[in-house]
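Heads up, the thing below is written out as structure tokens.
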Amino acid sequence: MMEDFEPKILVFACNWCSYAGADLAGTSRLQYAPNVRIVRVMCSGMVNPAMILYAFRKGFDGVVVAGCHPGDCHYNVGNYYAKKRIVLLKEMLDFIGFESDRLKLLWASAAEGKKFAEEMTNFTERIRKLGPQTKFRG
Amino acid sequence: MIAESISNPYLPFKAEIIEIRDEVKGLRAIKTFRLKVVDGDRFDYKPGHGCLVSVFGRGESWFTIANSPTRPDIEFSVLKTGKVTTKLHEMKVGDLVGLRGPHGRPFPVDEWKGMNILTVGGGIGQTPLRSVYQYVMDNYSDYGELTVVYGARTSKDLVYRDELMQMIEDGYNVHLSIDIPEEDWEHFVGYVPDNLKRLKPEPENTIAIICGPPIMITISLRVLKELGFREEQVYTTLERRMKCGIGKCGRCRLESKYVCKDGPVFRYDELSTLLEKA
Amino acid sequence: MLVYEGDFLKTVASKLMKEGCRVYAPSEIAYTEINHDSQISDVKPKKSVKEFLFPQNEVLIGYGDWIEKVPLNRERRAVVGVKPCDARAIKLLDRIFLEGFEDPYYRARRENTIIISSSCEPDAYCFCESFSSPFSEEGADIFVSRIDGISFVKAVSEKGKEVLKGFESDLRNPTDQEIEKFRNEEERVRGLFRRSVEAEIQEKMKEKFDSEIWKEIAIGCVGCGTCTFLCPTCFCFDMLDEGEKKGIRYRAWDSCQFPLYTLESSSHNPRREKWQRLRNRFYDKFLYMVESKGNVFCVGCGRCISECPAGVDIVEVLQEVSR
Amino acid sequence: MDTETEKIVRNRVAELLNEDVEAFVVFVRKETEPRERITVIKGPEEAEKVALSPLSVNNTARVLLEVVNNFDGKVGVVAKGCDSKAIKGLISEGKIEREKIHIIGISCPGIVDYRKLIAFSPEDVIFEDGKLIIKPGDKEIPLEEVIHDNCRYCRSPSPVIYDEIYGKAREPFDGTDDDEIEKLPADERWKYWIDVFEKCIRCYACRSACPMCYCTECLVDPVNLAISPMSTAEEKAAYPRFLGKTVTPADNLFYHLIRVFHHAGRCADCGECERACPMDIPLRKLERKLQKEIKEIFGYEDEDIPFLAKLDIIPEGR
């Protein structure tokens, strides 16, 4: 049963770095898990915790928030907000007994297509080990 | 399916969109949808009746039926304003929607036989009035004189514009107005109540029906009273936020009355006794 | 009225459980499921019994391309030890859901839920005596009153008579002394009430509609939906769709205390201010419902007083109105 | 909050209303039960109604925020430790102008949980002139026993912002904010919270009672409340519905997590949410956990700059 499980993963990728990074991974024909769905957002700082929980509620098994490296944010500080939110959200998810490993914050620049692909593959494997997410699924 | 819908008032029956007409374009777009009931016969209704149009995934909205039962099919004119209506505006001919109804208390058109009919409409409020004047036109021998007073912000915002122009050409008493002056506009410029004041309709043996934005209704009523109309001669249809449409869920309640069940048509003397001003 | 030697609530609960019927009894929070008759307590649950007939969420339609499922809940359930005020509220809810267009979801649950009410003593917030009595049998299928080790039992509805059929040999007619005892107990309990309201307050309310007191009362009100959600007679609901292509259309409790309740898409809101919404709750229960249904839609359970975060008190408010 | 303090406050409110204060947010006693409610008084003659006792439970900051802009002049407020914390928060977020308010600070010995009073027979609870005596039988029960649980964890029983201050505060709590739940295995934690939120009826009392939850539109509302005649249809149609009105435990947990999250570094620790909850859900556990993590990870605690706006505290390597 577990072997058949294909995790569904949602990535919120920032328009300026990570989305371009994902794009690069695609154009350089790097292989990464096909289970990843990318939502382009203007900045990782706009990703509201409710959006993350909503993704879990809609049945995603893992969520990645991908933004620019610290200091590189197009809006100067957006990724700092993201970091604060994700760090705290992970703590809170842990507290309520939800696997916080299903949520990941990732820094990936426009040039890091390879890193993006690798991270996606690793994350997919991690989620595969955790199994299907049923707790928030509505 | 119809039989089931009757026993379970929450189940809509299936209707197909067979025609879509653009009435008004732009930000406050209005489209008229012509629907045909698919699973069963066309239902009976009277002018003033309302229906809940349901789009699964979005919800339901209440609309008053825009055409007379004497005309074929069922028409709704929909102002694009929220979740359901935006979706309706995206729909195409051949798409299916749900229909629950007809609900509520319609205009007492049978009681009005032999009387003059005056409709006073503003903006999208013309919808239920269209049903009335079409009905009166189709049963012209039963009624006295028909007068249609209608206005909108600009000439582009007039719903059923071509139809009304045709009526003028055919010799009907139709008085159009727009709020803001425009070139090539041959009709009245000003608000609907001002147009009423100018036209001075005769209260004798006349029924007036007002429908439009709340402020227009209030001022028009005042003008009609000045002209000698009694509250018992004036009707209006009300709108409230509605959900169930069958007199249960409570949100359209006007004190002890449900707009969906005891309305949407009210005679003005029924409303003036309310504590809370609608 | 018949007499049963012993605690009839326990006996009937055990028998129903044996028959495979799910049995519910009062607990601190709600009427919760029990699996043994010893779990029947006498507390007044915070949630009323209305959720058995009109649950907070009820799926009306399951849809895909078109209607796929219409789930009617016909599970046989029994609620024992229902407070008489809660039972009376069911009678009022019947008037909403079964009159006019009949609500099939409510009907299905109503027909399959056995309500066994039990007389009770008032707590500090109760005022049911103003409308009826803690010995009222209205709305119940079977009414039970336990006094000094014996139970007075009365089948109120056909459904109740059906249940009592299995107990004919254990039930007997009361003696004159027992009837006397019942009367005395009723008299005693009536004397325990600390609160009362004037039920015939409609004319006064019409006068006070535009009074400033509503704004004053509303200052403390936080504008939540606690009073309406816990009220056994509040019946307003919302209908929502969940799922774009495939999903459910369900109804959920709604409250006239929420600004979203009456907000129209044009942004017009007939009750925009908090004090208007607060006022609406009292007028609805004590005036509008009397005008439309002939009943005051309050049963005097006191939940809206004890659970109000801000201390808004329906008894004090009505006293203020009648002043 | 003894009768002595009540008298002083009553006099001061009357004096201030004679001076430049236009209205006062105060407590008044309820007639039918030992409890107090908040109201706004406008004239010195009304000052005799002013009450202050261990049953002055609610947070006055919420009412202050609601009414402060209805008056041109100054608005006074009676504020306990936690109330003043909320007021300070609201000032730093630009919701209230400091110059527009006059704060009578009350050092707070802790407030009584009126739900705990229900457990006693009404005859045994005597509440007169602001003095509360619980005497079932011969022995009097110390107020500390019926005090609200949240007060036991109160770190600032004395006001943090005030124009004048009265009363005697309890000892501030300086233990840890660790919760026994943290020690449980993850599955049991999840089960605990699911059981707890099974009870939630989504009446939004927690949200409505909270002084810091002042948004006109809330993320969990199914439609947008903050619309105007100028809002476009697309705007309204595209309003995200993160949650409907389904009351499954997971959805309830979703709502409460988001609500708590919006209080990151802003919570006034007043416990209104828990007190307002008709279903006795331990909401403060979530809030306290969040505040604890903010302190541990970011080293942020009760500063003048809002937590989210402070960007020099991002930890490395987490």
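Letters A, B, ... are given to chains in the order of the sequence lines, protein chains preceding strands, and every chain is numbered from 1. For clarity, every value in this text was computed on a predicted model and none was experimentally measured.
- Counting only heavy atoms from C-beta outward, the side chains of B:P9 and C:P104 approach each other to under 4.5 Å.
- Judged by distance alone, the side chain of C:K245 and the main-chain N or O of B:G57 form no donor-acceptor pair under 3.5 Å.
- Here the side chains of C:M289 and B:S256 are not in contact, with every heavy-atom distance at 4.5 Å or above.
- Both the backbone and the side chain of C:D238 come within less than 4.5 Å of a heavy atom in chain B.
- The local environment of NZ in B:K46 is sparse, with at most 12 non-hydrogen atoms from other residues, nucleotides or ligands closer than 6.0 Å.
- Environment of CZ in B:R153: sparse, with no more than 12 heavy atoms of neighbouring residues, nucleotides or ligands closer than 6.0 Å.
- Checked by atom type and distance alone, the side chain of B:K248 pairs as donor or acceptor with a backbone atom of C:I96 at under 3.5 Å.
- Within the model, atoms CH2 of C:W66 and CZ of B:F13 stand 9.5 Å from one another, a figure rounded to the nearest 0.5 Å.
- Contact check for B:E255 versus C:Y283: no side-chain heavy atoms found under the 4.5 Å cut-off.
- The minimum heavy-atom distance between B:T81 and C:S266, with the atom names listed, is OG1-N, 4.4 Å.
- Around atom CZ of B:R28, no more than 12 heavy atoms belonging to other residues, nucleotides or ligands sit under 6.0 Å away.
- Residues C:I67 and B:P12 have side chains in contact (heavy-atom distance under 4.5 Å, counting atoms from C-beta outward).
- For B:C252, no part lies under 4.5 angstrom from a heavy atom of chain C.
- Rounding to the nearest 0.5 Å places CG of C:L60 at 8.0 Å from CG of B:N8.
- Between C:D284 and B:R253, at least one side-chain nitrogen of the basic residue sits less than 4.0 Å from a carboxylate oxygen of the acidic one, meeting the salt-bridge criterion.
- Counting heavy-atom pairs closer than 4.5 Å to chain B, the top-ranked of the candidates C:D65, C:L240, C:L263 is C:L263.
- A donor-acceptor distance shorter than 3.5 angstrom exists from the side chain of C:Y261 to the backbone of B:G250, with no hydrogens or angles considered.
- Atom-to-atom distance recorded for B:H103:NE2 and C:F101:CZ is 5.0 Å, nearest 0.5 angstrom.
- When each of C:R271, C:R107, C:E102, C:E242 is checked for heavy-atom pairs under 4.5 Å with chain B, C:R271 comes out on top.
- C:F237 has its side chain out of reach of B:R251: every pair of non-hydrogen atoms, C-beta onward, lies at least 4.5 Å apart.
- For C:E99, the part lying near chain B is the backbone, with the side chain staying farther off; criterion is any non-hydrogen pair under 4.5 Å.
- Heavy atoms closer than 4.5 Å to chain C are found in the backbone of B:V97, but not in its side chain.
- Counting heavy-atom pairs closer than 4.5 Å to chain B, the top residue among C:M239, C:E291, C:R251 is C:M239.
- Residue pairs that meet the salt bridge (charged side-chain N to carboxylate O under 4.0 Å, His left out) test with at least one member in residues 81-104 of chain B, sequence neighbours left out, are B:E60-B:R100.
- In the displayed structure, B:I180 atom CD1 is contacted under 6.0 Å by more than 12 heavy atoms of other residues, nucleotides or ligands.
- Looking at C:L287, the atoms closer than 4.5 Å to chain B (heavy atoms on both sides) all sit in the side chain, from C-beta outward.
- The backbone N or O of C:I61 sits nowhere less than 3.5 Å from a side-chain atom of B:Y10 that would complete a donor-acceptor pair.
- Closest of all the heavy-atom pairs between C:D241 and B:V55 is OD2-O, 3.5 Å.
- Contact annotation for residues 273-281 of chain C against chain B (heavy-atom separation below 4.5 Å, listed by residue number): C:R279.
- Under 4.0 Å is where a charged nitrogen must lie from a carboxylate oxygen, and between C:E244 and B:R58 at least one such pair does.
- Within 6.0 Å of CD in C:E200 there are 12 or fewer heavy atoms belonging to other residues, nucleotides or ligands.
- Atom NZ of C:K293 sits in a crowded spot, with more than 12 heavy atoms from other residues, nucleotides or ligands closer than 6.0 Å.
- At least one donor-acceptor pair under 3.5 Å links the side chain of B:R241 to the backbone N or O of C:L260.
- With chain C as partner, the option from B:S54, B:G247, B:G82 having the largest number of non-hydrogen pairs under 4.5 angstrom is B:S54.
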